[in-house]
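First comes the structure, then the notes that go with it.
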Amino acid sequence: MNTPINTPISTSINTPINTPFNTHMIKRLVVKDWYLQRGAIVPYLGWGALALTLLALGGEYWFFAGSILLLTLLIAKGIHLAMATVIEERTGQTLSFVMSLPISPMEYTIAKVLANMLLFLTAWMALSIGTIAVIAGREAVPDGLIPFTAVILVDIFVGYCLILGVALVTESQAWTIWSIVVTNLLFQAVLYYVSHIPTVAIEMKGAEVVWSRPVLLVLLAEAAAIVLTLAITFYLRSRKTDFL
Amino acid sequence: MNDLAVNLEGVCKKYPHFTLDNVSLQLPTGGIMGFIGANGAGKSTTIRILMGLVYQDRGTVTVLGHVMPAQQAAAKRDIGFVSEDMRLFKTATLAWHMEFIRSIYPGWDEAHAQVLVKRFDLNPAQKIKGLSHGQRVKATLLLALARRPRLLVLDEPTTGLDPVARREVLGALMEVLTDDRRTILFSSHNTLDVEQISDRITFIDRGRIIDSGDKEAYLDRWRRIRLDVPAGVVLPSLPGAVGGVGRGGASGGGEGGRVAVITTGQFDSSMTAAYQRAGAVVHAIESMTLEEIFVANVMSRREGPAL
């Protein structure tokens with residue numbers, strides 16, 4: 001049986017109870033989620049490769065189609081992960097099995113966030129790097145589009161963090177679906193707002209990559225939103241008193 | 001009391017439609033407690049609190065010397081927990097689950113795990129989604145038993161099992177009992193299962209512990225007394241008589257008829273003597289099953305009179 005968990009047993013489970021976190025258990029849970037969800041990354045990467053091919057084909061129509069496919073894939077991957085690793089664990093009643101293991105609720109939350117980040121960022125990084133490489137490599141597409149693309153890609157990551165946070169805090173399918181609706185509306189709003197900033201609108205059509213002040217401010221706001229979302233998630237999880 | 005594996009003192013938990021009210025429960029190390037209650041009585045809530053999965057509003061919980069829920073991670077290193085509603089990951093195999101648990105618990109006993117695989121007739125290569133309910137419960141029990149926990153907490157593990165699977169599960173638990181360092185808390189609404197393996201009994205109803213004690217003492221002090229009651233004879237009201245069913249209207253503390261059936265949780269010979277002195281004829285003194293005791297106990301509590 002060659003599974004990722006087939007690694008030597010650590011004895012760190014016997015660490016004193018005043019150790020802040022049981023890193024061994026957190027690692028085991030991250031590896032567990034990676035093992036159970038690893039197969040689901042492959043189709044996204046496959047479709048992502050198709051999207052990048054469309055971007056690289058040339059022609060406005062194919063570029064538009066590739067962009068839509070790429071964004072759809074990244075958004076769908078985030079929704080898929082939050083549903084499969086958090087909501088499904090509750091509705092599928094595997095949560096009681098996991099919570100019966102020697103972990104605290106906070107360690108569970110840390111493991112869940114880390115596993116999700118690992119799984120999401122694997123696909124996100126691969127497709128983001130691919131997208132930027134295609135834009136940089138294609139003569140017909142202005143390199144000035146790269147900062148705007150970065151804003152969009154990071155915005156998708158912000159939305160994913162929000163969906164994951166709501167899933168972790170509420171463990172409710174209904175609330176998570178509403179968070180998906182809100183996140184997509186916010187995504188469209190950010191897209192509209194940033195693309196209508198005059199300097200950005202001009203620079204994205206230029207041949208040079210310009211990290212203008214508005215772009216950097218938006219990226220900074222997005223980074224702050226990620227940190228804030230995760231901080232609120234941990235805070236609200238720390239106040240929970242029922243874990244089944 | 002250091003020899004208590006589980007100690008709950010004055011535990012309360014309030015939900016909108018259910019309240020666990022001032023629950024105190026002590027289980028000595030090496031003891032096997034049957035935790036009996038009807039559906040919705042509070043068994044699972046109590047067990048979740050002692051596992052640290054639900055936090056109590058009030059009261060203290062200590063499990064294997066660890067204060068819960070603060071030290072739950074440390075406590076759960078030595079607890080094997082199986083509940084009726086616990087599921088394994090359906091897309092993974094049993095072998096994967098065994099490896100997963102082995103990677104977490106240094107005390108995992110692979111030889112014992114293989115014995116259980118054979119005894120439970122399980123196929124480690126099979127995915128969980130292909131297992132029947134009985135196989136799934138046995139797989140979950142295997143994962144708990146092979147780690148050799150000091151405390152085994154079983155929440156309705158035999159619910160929904162066919163007779164053969166139930167026998168296999170109870171057989172495995174009986175084997176665990178041979179290790180007198182092992183403590184077991186076994187919740188069920190199936191009193192027959194509890195009666196077979198427990199040495200202590202606790203009844204819970206509507207969120208309250210209604211009785212708790214040694215099983216043999218329980219069975220000894222509960223009797224059903226059948227009386228022939230001549231017309232005009234008034235039966236005395238005795239402590240512990242929790243009710244009667246009479247043909248012709250006789251009941252505990254009631255009057256006249258042909259036959260009265262008294263159920264008591266405080267039986268001793270002076271009781272029959274008192275009925276005889278009153279003019280009744282003791283027709284039979286019968287032992288009661290745990291189920292009969294449980295039902296009598298619950299019904300009497302719900303109807304009011306103290307035992």
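Per chain, numbering begins at 1; letters A, B, ... match sequence-line order.
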Taking side chain as C-beta onward, heavy atoms only, is [X] less than 4.5 Å from [Y]?
| X | Y | value |
| --- | --- | --- |
| B:Phe100 | A:Tyr35 | no |
| A:Met99 | B:Arg48 | no |
| B:Tyr105 | A:Leu101 | yes |
| B:Phe89 | A:Glu88 | no |
| B:Tyr55 | A:Pro105 | yes |

With rounding to the nearest 0.5 angstrom, report the [atom1] to [atom2] distance, [X] to [Y].
| X | Y | atom1 | atom2 | answer |
| --- | --- | --- | --- | --- |
| B:His97 | A:Lys32 | NE2 | NZ | 9.0 Å |
| B:Met86 | A:Thr94 | CE | OG1 | 10.0 Å |
| B:Ile104 | A:Leu29 | CD1 | CG | 6.5 Å |
| A:Thr241 | B:Gln56 | OG1 | CD | 10.0 Å |

So for atom [atom1], which belongs to [X], do other residues, nucleotides or ligands contribute more than 12 heavy atoms lying within a distance under 6.0 Å?
| X | atom1 | answer |
| --- | --- | --- |
| A:Lys240 | NZ | yes |
| B:Arg58 | CZ | no |
| B:Tyr15 | OH | yes |
| A:Gln173 | CD | no |
| B:Trp108 | CH2 | yes |
| A:Met125 | CE | no |
| B:Arg208 | CZ | no |

Most contacts with chain A, counted as non-hydrogen pairs under 4.5 angstrom, among B:Ile49, B:Val54, B:Val82, B:Asp57: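 Winner by heavy-atom pair count: B:Val54.
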
Structural part of B:Met51 lying under 4.5 Å from a heavy atom of chain A: side chain

Residue, of A:Ser104, A:Gly92, A:Ser96, that accumulates the most heavy atom pairs under 4.5 Å with chain B: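 Heavy-atom pair counts peak at A:Ser96.
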
Passing candidate, side-chain hydrogen bond (donor to acceptor under 3.5 Å, both in side chains) with B:Ser103, options A:His24, A:Arg28, A:Lys27: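 Only one of A:His24, A:Arg28, A:Lys27 forms a side-chain hydrogen bond (donor to acceptor under 3.5 Å, both in side chains) with B:Ser103, namely A:Arg28.
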
Nearest atoms (heavy-atom pairs only) where B:Phe81 meets A:Ser100: CD2-CB, 3.6 Å

